[in-house]
Amino acid sequence: MINRVLGILVIGTATAASAGDSLSRHILERAASCWPTQTAMRGISFSADVHVSFTREGHVSAIEIVDVAPQTETFKGLAKDFADALKRCGPYVTEGMSEVNLNLSWPL
């Protein structure tokens, strides 16, 4: 009986993680489509961790850029530019989530 319950918990957790990953990917791809800077970024790689809060309607209510790598003013500026694209491209279908942590790894 315990093994069945643990199996259900593991499957439920994996499904929730997969749904969250797929939601994050959808939000990243949609925001990237509103990001005019991306066309000038061929050959450039960087990453940014961004915490985003949403309204019930799926609009961005707050964005916090948590980390950027490499840590240069140029890449910090690119992360801010991406955050602006996140705001412009809403509303998002958030599947009831009010917050999400996005891990932008450019190129997508």
Side-chain angles (χ1 to χ4, degrees):
M1 177 69 169
I2 291 175
N3 287 340
R4 285 186 196 169
V5 172
L6 288 176
I8 292 169
L9 288 173
V10 170
I11 291 169
T13 303
T15 303
S18 298
D21 291 345
S22 131
L23 177 63
S24 294
R25 183 72 182 177
H26 171 74
I27 292 170
L28 284 170
E29 289 174 351
R30 181 151 175 208
S33 73
C34 294
W35 191 22
T37 304
Q38 72 170 315
T39 56
M41 293 182 44
R42 291 195 176 147
I44 294 176
S45 298
F46 85 104
S47 64
D49 294 327
V50 182
H51 182 81
V52 185
S53 299
F54 298 97
T55 65
R56 264 195 273 171
E57 297 79 23
H59 294 279
V60 173
S61 61
I63 297 177
E64 176 188 1
I65 299 170
V66 179
D67 191 28
V68 177
Q71 281 281 328
T72 68
E73 291 306 312
T74 298
F75 291 107
K76 288 177 185 178
L78 288 172
K80 184 184 175 322
D81 194 41
F82 184 77
D84 292 341
L86 272 167
K87 291 176 191 174
R88 276 193 309 275
C89 210
Y92 298 92
V93 176
T94 59
E95 299 176 7
M97 295 177 65
S98 62
E99 296 182 340
V100 67
N101 291 315
L102 299 176
N103 300 311
L104 170 63
S105 181
W106 191 261
L108 291 179

Spatial distance of atom CZ (Phe54) from atom CD (Glu99) [nearest 0.5 Å]: 9.5 Å

Between CG on residue Leu104 and OG on residue Ser24, distance to nearest 0.5 Å: 11.5 Å

Set of side-chain hydrogen bond (donor to acceptor under 3.5 Å, both in side chains) partners for Glu29, sequence neighbours left out: Arg25

Distance, nearest 0.5 Å, that separates CG of Asn103 from OG of Ser47: 8.5 Å

hydrophobic_cluster_shared for Phe82 and Ile44, side chain cutoff 4.5 Å: yes

Partner set under side chain to side chain contact (heavy atoms under 4.5 Å, CB included) for Ile65, not counting sequence neighbours: Val68, Ala79, Lys80, Ala83

Side chain to side chain contact (heavy atoms under 4.5 Å, CB included) partners of Asp81, counting only residues at least two apart: Trp35, Thr37

Residue pairs involving residues 66-108 (criterion disulfide (SG to SG under 2.5 Å); sequence neighbours excluded): Cys34-Cys89

Any residue meeting side-chain hydrogen bond (donor to acceptor under 3.5 Å, both in side chains) with Asn101, in chain and number order, not counting sequence neighbours: His51

Phe46 side chain near Thr72 side chain, heavy-atom distance below 4.5 Å: no

Side-chain donor/acceptor of Arg30 to backbone N/O of Leu86, under 3.5 Å: no

Stepwise side chain to side chain contact (heavy atoms under 4.5 Å, CB included) test for Ile63 and Val50: CA-CA 7 Å; Ile63 297 177; Val50 182; 3.4 Å; yes

All side-chain hydrogen bond (donor to acceptor under 3.5 Å, both in side chains) counterparts of Thr55, not counting sequence neighbours: Glu57

Side-chain donor/acceptor of Ser61 to backbone N/O of Ser53, under 3.5 Å: yes

pair Thr94-Val100: side-chain heavy atoms closer than 4.5 Å: no

Verdict with reasoning, Trp106 to Leu78, per side chain to side chain contact (heavy atoms under 4.5 Å, CB included): CA-CA 10 Å; Trp106 191 261; Leu78 288 172; over 6 Å; no

Partner of Leu102 under side chain to side chain contact (heavy atoms under 4.5 Å, CB included), chosen from Leu23, Asp49, Ile27: Ile27

